[in-house]
Amino acid sequence: MMDYYKKTADEIVKGFSSQTQDGLSNKEAQTRYEKYGPNRFAEEKKDSMLKKVLLSLTDFTTLVLMVAAIISFYTAIATEHGDLFEGILIIAIIVINSVLTIVQEGNAEKALSALQDMNKQTASVIREGQQKDIDADELVPGDLLVIENGAMIAADARLTQASQLRIEESALTGESEPVEKDADFISEEELPLGDQQNMVFKGCTVVNGRGQAIVTGTGMETEMGKIAGLLSDSGTSLTPLQKRLNQLGKQISLIALVAAALVFFIGYLQNEPLLEMFMTSVSLAVAAVPETLTVIVTLTLAYGVQKMAKKNAIIRRLPAVETLGTASVICSDKTGTLTQNKMQVRRVWSRGDEVTDVEDGMTAEAMEVLKIASLCTDVIVEKGEDDEVVVKGNPTEVAIVRAIEENYHTKKELDEEYPRIAELPFDSKRKMMTTVHKMGNKKFLSVTKGAFDVLMPKFHYGDVERAQVVNDRFGKKALRVIAVGYRVFEEEPTEITSENLEQDLRLLGLVGMIDPPRPESKGAIKKARKAGIKTVMITGDHVVTASAIAKELGILNHKKQAISGAQLQKLTDEELDGKVKELTVYARVTPEDKIRIVKSWQRTGAVVAMTGDGVNDAPALNASNVGCAMGITGTDVAKGAADIVLTDDNFATIVDAVAQGRTVYQNIRKAINFLLSCNISEIFIVLIAMLIGWGAPFSAVQLLFVNVVADGLPGFALGREPAEAGIMNEPPIPAHEGIFARGLWKKIAVNAGIFTVVTLFGYYLGSFVDSVSPWVDASPEVGQTVAFLVLAYSSIIHVFNVRSSRSIFQVKLSSNKSLFEMAVLAILITTAIALLPFTQELFNLVHISLNHWFLVAILSIVPVFVNEMIKFHFSSDED
């Protein structure tokens with residue numbers, strides 16, 4: 001892209017074959033529209049439905065299930081063994097999981113589209129000599145853009161006219177202070193965007209003045225478009241959860257293959273029929289794979305998404321829910337994220353030692369300073385919704401007028417009391433503004449405001465020395481200081497010049513203001529710190545300002561923890577990696593610096609969440625483990641790069657979302673405990689029974705029923721389990737930590753052992769002990785039915801063991817009604833298929849006696865008793 005700021009306005013007009021009076025013709029505009037395309041960012045090509053389906057089937061566990069389904073269908077069709085019912089069930093599970101994933105991501109995209117529709121933009125242009133408003137998408141290079149106060153710039157453009165024009169460019173540069181623009185500015189040097197005074201950029205906001213400009217770039221050719229283009233270069237990496245589940249799938253598959261091969265080998269040594277042994281081995285392989293795990297994980301994530309949506313967070317990518325729960329660092333932009341992006345008067349000095357902290361109340365002296373200062377402003381005061389006062393204009397002037405409006409005065413009444421009759425507008429050379437007002441019937445008042453250092457030589461009256469001390473003190477607190485002076489004339493001034501009005505001023509006072517932190521940010525940062533999460537501020541603002549805000553929020557404890565972009569660029573990646581854990585504030589940084597900081601944290605093993613709203617934040621949002629964009633003030637580029645969009649632009653929402661993410665991960669671990677306890681026991685039950693010579697204690701369809709109904713139905717509701725107490729008092733989960741860490745393997749092993757013992761005991765009594773029932777003889781079929789019922793019931797009831805680390809008697813059923821309902825439903829379905837003749841035949845079951853049913857009931861609650869003893873033991877140790 002050309003350096004348009006180095007060229008004169010005439011050169012730009014000539015180069016684009018445009019005019020500074022009439023603009024382009026409608027015909028020429030249409031021709032250029034066809035050539036350059038619409039003024040919007042290139043949209044990422046959306047995947048077709050077929051591609052989405054195929055992508056949803058690439059999960060490792062899903063692939064294992066597909067192989068199992070193919071084998072099941074083959075054996076059912078090519079031989080007389082097996083049943084189509086088994087394969088159909090597996091395929092149904094795969095389809096449900098795929099549909100859930102696609103539907104959820106589609107809902108997220110619809111929510112984002114709605115947000116974007118709310119931000120539809122128009123632009124004011126001159127075409128064929130007439131000014132008109134058009135859709136911003138229709139702007140073309142060479143258009144004559146009309147720039148007005150309060151408008152958002154719709155394209156990159158070179159100014160041809162500018163009057164008191166100031167533009168807030170924080171969305172692009174990260175700097176909250178508006179930039180003064182000058183159409184006559186020319187530079188031969190290479191300048192950063194923030195110093196290109198004769199250029200305006202897409203996505204930035206006009207806070208004062210007006211102007212005209214020739215459009216030099218639209219769509220992807222704008223500065224924002226260039227950053228948007230960077231985002232498509234990086235690929236999508238797997239989340240920690242996806243890595244853990246892939247690893248789990250591989251481990252289970254390996255166990256299944258080894259167990260199946262072992263069973264086949266044992267059967268071969270025992271001279272069992274090979275085809276029958278092959279079928280038993282396939283059954284065992286199917287049993288080892290938790291068919292419903294992928295569905296339960298998806299449902300758990302989807303429920304987390306629903307909960308987050310109610311708390312103002314839209315999840316664009318489903319696994320981001322869990323990733324956020326493992327976050328150990330939150331890198332946050334300052335302006336608009338931690339702060340309100342709205343200047344506020346914080347302190348006022350009037351005379352002597354009188355410094356008023358506005359937050360503690362307004363004194364009459366401070367009010368007088370602000371009233372006089374408000375006369376020297378060009379803001380617009382309107383009534384918004386619910387009669388709320390809306391003040392538009394330069395942020396500094398808006399802050400002064402808002403302070404007046406919030407203290408029982410209005411700009412309107414002051415303007416009526418002191419009518420303005422003349423003014424000297426602010427310009428970059430004088431760096432001050434002066435207005436002249438009538439004061440009563442005879443006298444006239446001129447009010448001058450500007451930076452204290454500039455006005456100091458003009459003050460001939462007042463305690464200037466004391467004011468200098470106060471100015472320095474305000475500066476150390478990162479307050480932007482405006483000095484207010486005045487003169488009283490006995491007659492109306494005839495010479496409205498700086499030499500006449502801006503001399504021999506009387507110092508009235510100093511106004512200190514700042515872009516304040518959001519009220520909820522400090523509490524959210526404290527909550528995050530308690531959870532072991534470090535908050536890091538990354539901003540384009542100055543070090544002094546950033547450090548003051550960071551100190552107030554509790555992010556910065558020592559000035560050594562802050563670093564500027566210039567200092568950062570001198571560090572090598574190795575040096576930065578060594579210091580990154582000590583640094584908490586990065587100021588005056590570029591978009592490239594932000595990515596570098598995020599990646600440095602990631603190299604230390606941290607899981608990084610990045611929040612931001614501007615285009616300058618987008619690359620870092622994309623590079624982080626989970627990017628969180630602001631939904632209201634956030635740019636489309638930032639939203640497109642993020643995993644999560646915060647619809648209330650509230651930093652505290654991200655901390656609430658972390659808590660929900662941790663709950664999701666906790667519930668997924670509970671589901672794994674629940675499912676694998678049964679699945680692993682199935683392997684041991686079949687292996688031990690084969691080794692002893694009892695034969696296979698289950699058929700494949702029975703094992704599949706246990707996995708899908710007895711485990712699946714209660715497992716679906718585990719995702720709705722509320723967070724356990726103290727979840728945000730624990731340290732973050734390390735990114736490299738395995739899914740079975742912190743004793744999960746031991747819990748699964750113990751429970752699998754219990755299931756194995758009670759099920760084999762039930763199988764033995766049903767198969768070989770006639771004395772259990774005088775009415776039903778012992779047989780392998782009876783033993784298989786008893787074993788099936790013991791495993792199914794004990795597995796269903798086991799869900800109440802895993803839902804909490806506390807005793808089942810201390811956890812209210814009402815805290816997760818759906819869990820209780822699903823457990824009851826699973827018990828009823830299991831009982832029904834064991835009693836109804838049709839389903840008995842379908843699932844290879846037989847009629848059993850009441851004694852057998854009593855035996856089943858006793859054995860099924862044994863795991864509950866053992867788990868309660870274990871929990872009691874550990875709770876006693878803690879006490």
Side-chain angles (χ1 to χ4, degrees), residues 1-42 121-148 151-163 165-167 169 172-173 179-204 206 209-230 428 615:
M1 190 177 288
M2 295 180 66
D3 294 330
Y4 295 113
Y5 67 90
K6 294 181 179 180
K7 297 181 179 293
T8 65
D10 289 339
E11 288 174 323
I12 296 294
V13 172
K14 186 177 179 181
F16 281 94
S17 302
S18 188
Q19 296 183 40
T20 55
Q21 297 297 323
D22 296 339
L24 298 175
S25 67
N26 290 331
K27 183 178 180 181
E28 179 61 24
Q30 181 61 34
T31 301
R32 296 190 185 192
Y33 183 83
E34 291 170 2
K35 177 181 178 182
Y36 295 105
N39 175 35
R40 58 172 177 256
F41 301 136
Q121 192 181 352
T122 59
S124 186
V125 296
I126 295 175
R127 286 183 181 172
E128 296 188 342
Q130 294 185 336
Q131 182 173 335
K132 60 180 181 178
D133 291 335
I134 62 171
D135 192 318
D137 284 1
E138 297 175 12
L139 276 177
V140 295
D143 253 327
L144 183 55
L145 186 65
V146 178
I147 300 168
E148 297 170 329
M152 181 176 282
I153 306 297
D156 286 6
R158 168 63 164 86
L159 288 165
T160 57
Q161 296 179 26
S163 175
L165 184 62
R166 292 192 207 171
I167 295 182
E169 298 178 340
L172 189 62
T173 65
V179 179
E180 186 179 353
K181 295 297 180 178
D182 181 3
D184 298 326
F185 175 84
I186 296 285
S187 175
E188 294 297 324
E189 300 176 12
E190 294 293 326
L191 297 177
L193 298 180
D195 295 333
Q196 295 177 19
Q197 297 175 26
N198 56 12
M199 295 291 296
V200 293
F201 303 104
K202 179 178 173 66
C204 301
V206 182
R210 60 189 182 277
Q212 290 184 5
I214 297 293
V215 173
T216 58
T218 58
M220 296 302 288
E221 295 303 310
T222 62
E223 292 297 330
M224 284 200 173
K226 287 198 292 185
I227 297 176
L230 293 174
S428 57
V615 172

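- In this structure, E148 CD and Q131 CD are separated by 5.5 Å, a value rounded to the nearest 0.5 Å.
- S124 contributes atom OG, which lies 9.0 Å from atom CD of Q212 (distance to the nearest 0.5 angstrom).
- Scored by the side chain to side chain contact (heavy atoms under 4.5 Å, CB included) test, A162 finds L159, L165, A183 as partners (sequence neighbours excluded).
- Between the CD1 atom in I186 and the NZ atom in K7 there is a gap of 9.5 Å [rounded to 0.5 Å].
- Looking at D143 and R127, their side chains come closer than 4.5 Å, going by heavy atoms from C-beta outward.
- Minimum interatomic distance between V200 and A213 (heavy atoms only, all atoms of both residues): CG2-CB, 4.5 Å.
- Heavy atoms from other residues, nucleotides or ligands lying under 6.0 Å from CZ of R210 number 12 at most.
- The salt bridge (Lys or Arg N to Asp or Glu O under 4.0 Å) test applied to E138 returns no partner, not counting sequence neighbours.
- By the side-chain hydrogen bond (donor to acceptor under 3.5 Å, both in side chains) test, E34 is found to be paired with Q30, residues two or more places apart in sequence or in another chain being considered.
- Remark: R166 pairs with no residue by the salt bridge (Lys or Arg N to Asp or Glu O under 4.0 Å) rule, at least two apart or across chains.
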**OP:** Could you go through the side-chain contact (heavy atoms from CB on, under 4.5 Å) check for E223 and C204 one step at a time?
**Re:** CA-CA 11 Å; E223 292 297 330; C204 301; over 6 Å; no
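- Every side chain to side chain contact (heavy atoms under 4.5 Å, CB included) that T20 has, sequence neighbours left out, goes to V13, T160.
- Residues satisfying the side chain to side chain contact (heavy atoms under 4.5 Å, CB included) criterion with D195, sequence neighbours excluded, are L191, P192.
- Smallest separation of non-hydrogen atoms from V215 and L139: CG2-CD2, 4.4 Å.
- Remark: N198 CG to D182 CG distance equals 8.0 Å, nearest 0.5 Å.
- Going from atom CG of L24 over to atom CD1 of I126 covers 11.0 Å, rounded to the nearest 0.5 Å.
- Here N26 pairs with E128, K132 under the side-chain hydrogen bond (donor to acceptor under 3.5 Å, both in side chains) rule; sequence neighbours left out.
- Not a single donor-acceptor pair under 3.5 Å links the side chain of D3 to the backbone N or O of Y5.
- Take F16 and apply the ring-ring contact (aromatic ring centres under 6.0 Å, His included) test, not counting sequence neighbours, and it matches Y4.
- Across all non-hydrogen atoms, the minimal contact from G142 to S18 is O-OG, 2.7 Å.
- With sequence neighbours excluded, the residues that form a side-chain hydrogen bond (donor to acceptor under 3.5 Å, both in side chains) with T8 are E11.
- Residue pairs meeting the salt bridge (charged side-chain N to carboxylate O under 4.0 Å, His left out) criterion with at least one member in residues 13-24: none, sequence neighbours excluded.
- Checking side-chain atoms of D133 against main-chain N and O of T122 turns up no donor-acceptor pair under 3.5 Å.
- Residues passing the side chain to side chain contact (heavy atoms under 4.5 Å, CB included) test with Q21, sequence neighbours excluded: none.
- One finds the CD1 atom of I153 at 11.0 Å from the CE atom of M199 (value rounded to the nearest 0.5 Å).
- For the pair L144/I214, a side-chain contact is recorded, criterion being any heavy-atom separation below 4.5 Å from C-beta on.
- The nearest pair of heavy atoms linking R158 to F185 is NH2-O, 3.7 Å.
- Take K181 and apply the side-chain hydrogen bond (donor to acceptor under 3.5 Å, both in side chains) test, not counting sequence neighbours, and it matches E169.
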